[in-house]
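For reference, the structure discussed in these notes is given below.
Every chain is numbered from 1, with letters handed out A, B, ... down the list of sequences.
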Amino acid sequence: MNRSTHRSWFWLCLTLLTLALYGGLATGTVSFSPVQLLQLLLDPQTDPLQGAVLWQIRLPRVLLASLVGSSLAVSGAVFQAVLRNPLADPYLLGVSGGAALGAVTAICLGMTTALWLPLSGFLGALFALWLVYLVARAHQASTHTLILAGVMVGSLATAVLLFLLWRIPADPLRSAVFWLAGNLSGASPAWLPWGSLVSLIASLLVWSRFRLLDVLTQGEDVAADLGVDVGRARQLLFVAAGFLVATAVSLAGLVGFVGLVVPHVVRLLWGPSHVRLIPAAALCGAAFLVVSDAVARSVFSPAEIPVGVVTALIGAPFFLYLLRNRGGL
Amino acid sequence: MIAVRQMSFAYGRRWVLQRIDLDVRPGELLTIMGANGCGKSTLLRLLRGRLRPQQGEVCWSGGAAHDLGRDHMARLVAVVPQQLSQPFAFPVREMVAMGRYVYQKGLAGVSHREWQIVEESLAQTDASHLADRCCSELSGGELQRVLLARALAQQAPVLMLDEATSQLDLGHKRSIAALLRRLCQDERKTIVQVSHDLNSAAEISQRILLLAPDGARIALDAPDRVLNREVLREAFGVEVDVVRHPASGQLRIFPQPLECR
């Protein structure tokens with residue numbers, strides 16, 4: 001890898017994100033021209049109605065999309081390195097099931113406000129991770145045990161979830177299913193600063209351990225011989241990535257494919273070294289979800305399709321293309 | 001260098017190694033041999049503190065091996081593993097730089113001096129031409145030399161190899177054997193290797209540790225004293241002829257021919 005690619009990846013990612021943010025802000029039920037957008041951003045009073053649309057609806061939503069996208073992409077990159085499995089996905093370790101169960105429990109208890117739902121989802125996700133970790137710790141958190149424990153905790157959560165869905169009346173059921181499918185319209189903007197704070201701290205923590213992540217891709221045995229305390233390292237990364245997924249899931253439900261595909265694409269473009277992979281995944285993940293959300297909002301406007309449908313529609317064919325062209329991973 | 005005293009080790013209830021006594025001397029090339037499952041790799045792990053013996057002790061100058069901490073141990077021992085699949089396509093240079101992990105703390109990039117060590121290690125294993133390639137596209141022999149370069153980049157006084165050349169062809173085996181001997185003689189590295197290649201071990205080792213199938217020590221001595229009919233029968237249950245090559249004087253071990261039916 002030569003020097004110029006060392007620098008150019010960052011500017012490329014940043015340009016990509018800027019374009020995506022512009023697209024996300026400009027498109028929707030009401031669309032803005034670039035000049036209009038700039039005017040409204042600088043001074044909302046030029047057109048109070050459209051200013052309100054931009055500042056109170058569009059902007060929080062685009063920021064939420066970039067927050068969720070970058071959290072999912074970074075946590076995906078971490079899980080793939082720690083589990084030594086390029087097919088690992090942020091939801092593999094039962095986090096999704098836990099978050100869903102937490103949120104649906106809250107719905108059952110009547111706490112359906114946009115303020116309660118994310119918090120209960122967050123707690124559910126962390127609880128599931130904690131359970132997985134307790135089981136895996138008994139075996140020094142070997143990758144196979146982690147994956148199996150994650151799948152089991154996920155199944156358990158799904159079973160309880162299905163039971164709850166069967167029990168609750170039709171009205172809360174709709175809101176639960178809508179939340180599960182993954183969408184960016186549910187969360188209260190009040191959570192945005194808190195989510196950003198958690199995500200920023202966890203992402204920076206992960207990035208600062210870029211060498212550790214590189215070494216862990218060599219397997220626990222080799223990493224230990226290179227001087228890593230593997231148990232402690234896994235614990236740290238696991239907690240950081242867990243907080244990232246929990247944040248994303250609690251704010252936007254189960255948005256698929258971002259955490260799986262984005263780290264992959266970044267690796268293909270700029271190599272597997274985590275000093276680049278983590279920030280590039282964060283920027284590209286944000287851009288990907290902002291664009292997907294803009295598409296989800298505008299195709300059947302004014303109705304919107306769940307953003308998870310769009311990410312899967314873009315992500316799955318792309319992934320199949322990768323599988324075919326690289327002859328497996 | 002490493003002192004092993006009356007050490008026994010068990011996985012669960014199954015004893016793998018029994019009352020092993022061993023002194024690894026500085027600057028020697030010691031080969032651990034024995035039948036499959038007799039505990040060779042386990043012994044290598046015990047030597048570097050990855051496992052804790054149930055009885056006896058493994059001592060380095062700083063203390064018991066398993067108490068030294070991974071960070072400290074990585075400065076004393078570098079390990080060449082058996083080949084693993086490479087799920088991520090790291091460039092060779094970055095792969096070798098991983099050997100410098102314990103020396104790089106904080107957020108700084110790899111320094112100029114560190115890159116220099118990486119290049120030197122690649123040159124030592126005759127792998128400089130691979131530096132810009134990707135690890136996932138190397139052949140077995142090339143990858144093994146890269147892994148050896150990574151271990152050298154660690155700049156530890158002790159080098160451990162666990163059947164590191166078993167999958168290589170004759171040419172690569174010979175070049176790695178030559179490199180190991182050179183590291184011992186010129187750089188005063190202490191090398192402990194596990195190997196199944198009797199002939200090569202006889203040629204390059206100062207001493208051979210032969211383990212019995214039940215994990216007891218059969219012999220620990222110079223190759224020409226260890227490799228004889230009786231001892232090899234005890235270790236492998238096979239009848240062999242031990243011959244000296246008429247020209248070079250090298251020891252050669254021939255298993256007796258299979259019976260015709």
Side-chain angles (χ1 to χ4, degrees), chain A residues 1-3 5-7 77 79-88 140 143 204-233 263-264 266-279 322 326-329, chain B residues 41 44-45 48-51 68-110 114 131-137 146-147 150-151 153-154 156 158-162:
Chain A
M1 189 147 306
N2 58 40
R3 290 260 169 234
T5 43
H6 270 287
R7 303 268 158 70
F79 282 128
Q80 288 169 6
V82 174
L83 300 177
R84 276 194 100 226
N85 188 342
L87 291 173
Q140 292 160 348
T143 55
L204 286 177
L205 184 71
V206 165
W207 191 22
S208 72
R209 299 295 192 276
F210 61 93
R211 270 195 205 102
L212 181 62
L213 286 162
D214 282 352
V215 169
L216 281 174
T217 63
Q218 299 299 303
E220 51 198 306
D221 243 17
V222 175
D225 285 328
L226 289 172
V228 176
D229 183 341
V230 178
R232 261 185 53 197
H264 251 296
V266 172
R267 260 191 226 104
L268 277 181
L269 291 173
W270 299 297
S273 192
H274 288 85
V275 64
R276 287 185 296 277
L277 176 57
I278 298 296
L322 280 186
R326 303 192 57 197
L329 297 155
Chain B
S41 297
L44 213 54
R45 285 165 169 275
R48 61 182 196 263
R50 292 291 304 284
L51 297 170
L68 285 181
R70 302 285 14 122
D71 186 75
H72 187 96
M73 197 49 105
R75 291 162 205 264
L76 296 174
V77 189
V79 181
V80 185
Q82 280 179 305
Q83 285 177 25
L84 277 174
S85 65
Q86 292 291 328
F88 302 106
F90 277 96
V92 165
R93 207 175 256 123
E94 286 179 22
M95 179 90 156
V96 176
M98 288 179 197
R100 305 296 300 163
Y101 176 77
V102 272
Y103 300 98
Q104 305 165 333
K105 283 287 135 81
L107 300 176
V110 182
E114 302 272 303
D132 292 312
R133 299 259 299 277
C134 251
C135 282
S136 50
E137 58 189 39
V146 170
L147 293 179
R150 181 170 72 189
Q154 225 168 311
V158 181
L159 197 60
M160 289 186 181
L161 299 93
D162 192 354

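Proximity of a side-chain donor or acceptor of B:E94 to a complementary backbone N or O of A:P272 within less than 3.5 Å is not detected.
Neither the backbone nor the side chain of B:R100 comes within contact range of chain A; no heavy atoms are under 4.5 Å apart. In this structure, chain B has a heavy atom under 4.5 Å from the side chain of A:V222, while its backbone stays farther away. A:R267 touches chain B through its side chain: at least one heavy atom from C-beta onward sits under 4.5 Å away, while N, CA, C and O do not. Within the 4.5 angstrom heavy-atom criterion, no atom of B:M73 approaches chain A. With a 4.5 angstrom heavy-atom cutoff, B:M95 touches chain A only via side-chain atoms. Contacts between B:V102 and chain A at a heavy-atom distance below 4.5 Å involve backbone atoms as well as side-chain atoms.
Between B:R70 and A:D229 the shortest heavy-atom distance is CG-CA, 4.2 Å.
Atoms CZ and OG1, on B:F88 and A:T217 in that order, are 6.5 Å from each other to the nearest 0.5 Å. Going from atom CD of B:Q154 over to atom CG of A:D225 covers 7.5 Å, rounded to the nearest 0.5 Å. Between the CZ atom of B:R150 and the CG atom of A:L226 there is a distance of 5.0 Å, given to the nearest 0.5 Å.
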